[in-house]
Trainee: 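Submitted below is the structure of interest, expressed as structure tokens.
Since we're looking at a predicted model, the values are computed, not measured. Start at 1 and go down the list; that is how both ligands and their atoms are numbered. Sequential numbering from 1 along the given sequence is applied to the chain's residues.
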Amino acid sequence: MRSSDTTCRHFLTLSDLSPSEARALLARAVELKRMLRAGETYLPLRHRTLAMIFEKSSTRTRVSFETAMAQFGGHALFLSPRDTQLGRGEPIEDSARVLSRMVDLIMIRTFDQAVVERFAAYSRVPVINGLTDRCHPCQLLADMQTYLEHRGDIRGRRVAWIGDGNNMCHSYIEAAEVFDFELRIACPEGFEPDTDLLAAAGERCTLGHDPAVAVEGADLVLTDVWASMGQEAEQETRLRAFAPYQVDDALMARARRDALFMHCLPAHRGEEVSASVIDGPQSVVWDEAENRLHSQKALIEFLVGANP
Ligand code: CP
Ligand code: NVA
């Protein structure tokens, strides 16, 4: 899906990047990581500003975007609806027009995907989706960079998604097409991902209810929290429905011996993942978290370059 404002490139969903752009962006992320570790100074965004609107909590997304701008020589603004006029009902369209006349990029973490789309439609500068109920495309860039660094190209590999058919699952469905891999999803009944998105992915993605079937021969195993932000009231019901979906050693043993485990974090040990798996040798969750920084630097550079 291309964003509605054709004069400006945005990143509202993973499919806003073509497969070749996405691969180039990962290669650039790896290079930016190398440059940072080598102590090379690179300040392409001097005097540029990123506005970050957070309507939900965040640790990784906030710190990685803010640090990315600082390392690039720019500046990031943390904006909470509690302290801005957005929280007092100023229309999204007006906020987008005002902010985008002052800053160079805007990142939004909110509930409804329609909010980021409306914001982008009225923004003169690139808008980045920092998570909605619908998807979490920035996390996918980090995950794909992490797989690339540990195992090489993910093309043709088998990926297993265990648990909720949520925003992360939706971004994995899109990633299967963008990065050309097989995705096997196992969800409890009633917690499946969006049917239209799944249908659009075709044979590449399969949906079932048995985690053991989904992880069979997998190269990468993923899960996420059972109750996402905004679903706190459903916590108890979800704990019961998802109990057979924990990624533990027995489940990992069905995947390939060299399979990796990833989780976007924050994680709940003893719920969606056992401590032995997330803290074990197949887990790459700390590299995955770190790569939020490097992959988002590549994304920022790409969007600023695409919208000079
Ligand atoms: N994975 C992720 O987006 O983490 P935060 O909620 O801490 O930003
Ligand atoms: N699915 C989780 C992801 C958090 C990064 C949520 O939306 O809360």
Trainee: Check each of Arg158, Arg155, Arg157 against Glu182 using the salt bridge (Lys or Arg N to Asp or Glu O under 4.0 Å) test, and report the only one that passes.
Mentor: Arg158
Trainee: Indicate yes or no: does an N/O atom of Arg62 lie under 3.5 Å from an N/O atom of ligand 1?
Mentor: no
Trainee: Should Glu216 and Arg184 count as an ion pair when the cut-off is N to O under 4.0 Å?
Mentor: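 Salt bridge absent between Glu216 and Arg184.
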Trainee: If you measure every N/O of Ser228 against every N/O of ligand 2, is any gap under 3.5 Å?
Mentor: yes
Trainee: What about Cys264: any of its N or O atoms under 3.5 Å from an N or O on ligand 1?
Mentor: yes
Trainee: Check if Leu265 has a non-hydrogen atom at a distance under 4.0 Å from any atom of ligand 1.
Mentor: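 In this structure, Leu265 qualifies as a contact of ligand 1 - some heavy atom is under 4.0 Å.
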Trainee: Assess Arg62 against Phe78: is NZ or CZ under 6.0 Å from the centre of the six-membered ring, and within 45 degrees of the ring's axis?
Mentor: yes
Trainee: Can a non-hydrogen atom of Thr61 be found less than 4.0 Å from any atom of ligand 2?
Mentor: no
Trainee: Which of the atoms in ligand 2, numbered in the order shown and given with their element, are less than 4.0 Å from a heavy-atom of Asn166?
Mentor: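 This gives 1 (N) as the contact atoms.
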Trainee: Whether the Thr146 and Asn291 side chains hold a donor-acceptor pair (N or O, under 3.5 Å, no angle test) is what I'd like checked.
Mentor: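 Their side chains do contain a donor-acceptor pair, which is all the 3.5 Å distance test asks for.
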Trainee: Would you mind checking which non-hydrogen protein atom is closest to atom 7 (O) of ligand 2, with the distance to 0.1 Å?
Mentor: Asn167 ND2, 2.8 Å
Trainee: At what distance is the nearest protein heavy atom to atom 2 (C) of ligand 1, and which residue and atom is it?
Mentor: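 Answer for atom 2 (C) of ligand 1: Arg292 NH1, 3.3 Å.
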Trainee: Out of Arg60, Met229, His136, whose heavy atom sits nearest atom 3 (O) of ligand 1?
Mentor: His136
Trainee: Do any N/O atoms on Asp224 end up under 3.5 angstrom from N/O atoms on ligand 2?
Mentor: yes
Trainee: Specify the protein heavy atom at minimum distance from atom 6 (O) of ligand 1: its residue, its atom name, and the distance to 0.1 Å.
Mentor: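 Sorting protein heavy atoms by distance from atom 6 (O) of ligand 1 puts Arg109 NH1, 2.8 Å first.
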Trainee: Taking only heavy atoms of Leu131, which atoms of ligand 2 are found under 4.0 Å from at least one of them?
Mentor: 3 (C), 4 (C), 5 (C), 7 (O)
Trainee: At under 4.0 Å between heavy atoms, is it the side chain or the backbone of Lys56 that contacts ligand 1, or both, or neither?
Mentor: neither
Trainee: Backbone N or O of His136 within a donor-acceptor pair of the Ser171 side chain at under 3.5 Å?
Mentor: yes
Trainee: Side chains of Gln235 and Gln231: do they bring a donor and an acceptor to under 3.5 Å?
Mentor: no
Trainee: Can you list the steps and then say if Glu272 with His263 is a side chain to side chain donor-acceptor pair (under 3.5 Å)?
Mentor: CA-CA 10 Å; Glu272 75 272 9; His263 188 309; 2.7 Å; yes
Trainee: Nearest protein heavy-atom contact for atom 8 (O) of ligand 2: which residue, which atom, what distance?
Mentor: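 For atom 8 (O) of ligand 2, the nearest protein heavy atom comes out as Met229 N, 2.8 Å.
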Trainee: Between the side chains of Asp287 and His150, does any donor sit under 3.5 Å from an acceptor?
Mentor: yes
Trainee: Whether the His294 and Glu290 side chains hold a donor-acceptor pair (N or O, under 3.5 Å, no angle test) is what I'd like checked.
Mentor: yes
Trainee: Please list, in number order, the atoms of ligand 1 under 4.0 Å from a heavy atom of Thr59.
Mentor: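 Checking each atom against Thr59, I get 5 (P), 7 (O), 8 (O).
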Trainee: Parallel, tilted or perpendicular: which describes the rings of Trp226 and Phe242, with under 30° parallel and over 60° perpendicular?
Mentor: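 Parallel, since the angle between the ring planes stays under 30°.
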Trainee: Identify, by atom number and element, the atoms of ligand 2 in contact range of Leu265, meaning under 4.0 Å from any of its heavy atoms.
Mentor: 5 (C)
